[in-house]
Amino acid sequence: RKMASSGVALHPAVLDYYDAIKARKHRFVSFDIVDGQITVDTHAPPEAGHDDLITYMKGLDKKVSRYILFDFAWTLEDGGQRDKLVFIVWNPETASTKTKMLFASSKDAMRKKISGVVEVQATDFSEVDYDYILSKASAGAGNK
């Protein structure tokens, strides 16, 4: 296991869940940092949607941060389906300074192990709303 600049390591289950979300077994997977390791916090079934993600995030304590892998799907004007794996770094302004610094400095431990994702840095709910994620996910994704 490689350590990030913060000294945080990835729990082995993190990559199992990354493979599972790529295989469409989950709609989103949330990760926390516990005892110096990035660990799986929770996950949602494939039939969940963006609203379920927002409901989960609004249910979190306002002082916590999370990494979230979200299998974001959308429909084009011509009816075509697109999807993109979005890596959300949820680091709200209301989180403690220590928590925000830990999540910011540990992000690369995740990023180095996950590929083909669009990263969204979010500090409030406007940065995870459907249209904002769509704008990030559809950039260069053959959405024309």
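The chain is numbered in sequence order, starting from 1.
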Hydrophobic clustering (ILVMFWY, side-chain heavy atoms < 4.5 Å, transitive) - are [Y] and [X] grouped together?
X: Y132; Y: W74; answer: yes
X: L15; Y: M110; answer: yes
X: V118; Y: Y130; answer: no

Would you mind telling me which of Y18, F31, Y17, F87 makes a ring pair (Phe, Tyr, Trp, His ring centres under 6.0 Å) with Y67? F87
What pair of heavy atoms forms the shortest contact from [X] to [Y], and how long is it?
X: Q81; Y: T75; result: NE2-OG1, 3.0 Å
X: I38; Y: V8; result: CG1-CG1, 3.5 Å
X: I133; Y: E127; result: CG1-O, 4.4 Å

Measure from the ring center of Y56 to the ring center of F28 and say whether it is less than 6.0 Å. yes
May I ask you to check whether W90 and F125 place their ring centres under 6.0 Å from each other? yes
Tell me, with the steps shown, if I54 and V128 meet side chain to side chain contact (heavy atoms under 4.5 Å, CB included). CA-CA 8 Å; I54 298 303; V128 290; 3.7 Å; yes
How long is the straight-line distance from [atom2] of [Y] back to [atom1] of [X], given to the nearest 0.5 Å?
X: R66; Y: I33; atom1: CZ; atom2: CD1; answer: 9.5 Å
X: L134; Y: R82; atom1: CG; atom2: CZ; answer: 12.0 Å
X: L53; Y: F72; atom1: CG; atom2: CZ; answer: 10.0 Å
X: L102; Y: K107; atom1: CG; atom2: NZ; answer: 13.5 Å

Passing option when I68 is tested against V120, V89, T42, I88 for side-chain contact (heavy atoms from CB on, under 4.5 Å): I88
Candidate pair V86 and K136, rule side chain to side chain contact (heavy atoms under 4.5 Å, CB included), full reasoning: CA-CA 9 Å; V86 179; K136 295 288 192 180; over 6 Å; no
Are the side chain of N91 and the backbone of K100 linked by a donor-acceptor contact shorter than 3.5 Å? yes
With the threshold set at 4.0 Å, does a side-chain nitrogen-carboxylate oxygen contact exist between K22 and D19? yes
Got a salt bridge between D52 and R27, using NZ or NE/NH1/NH2 to carboxylate O under 4.0 Å? no
Between V64 and D32, does the side chain to side chain contact (heavy atoms under 4.5 Å, CB included) criterion hold? Intermediate values first, please. CA-CA 9 Å; V64 303; D32 194 2; over 6 Å; no
Taking the inter-plane angle between the rings of H26 and H43 on a 0 to 90° scale, is it parallel (under 30°), tilted (30 to 60°) or perpendicular (over 60°)? tilted
One pair to check against side chain to side chain contact (heavy atoms under 4.5 Å, CB included): R24 and D83. What are the steps and the verdict? CA-CA 11 Å; R24 308 259 187 298; D83 61 83; 2.6 Å; yes
Above 12 or not: heavy atoms from other molecules or residues under 6.0 Å from CD of E47? yes
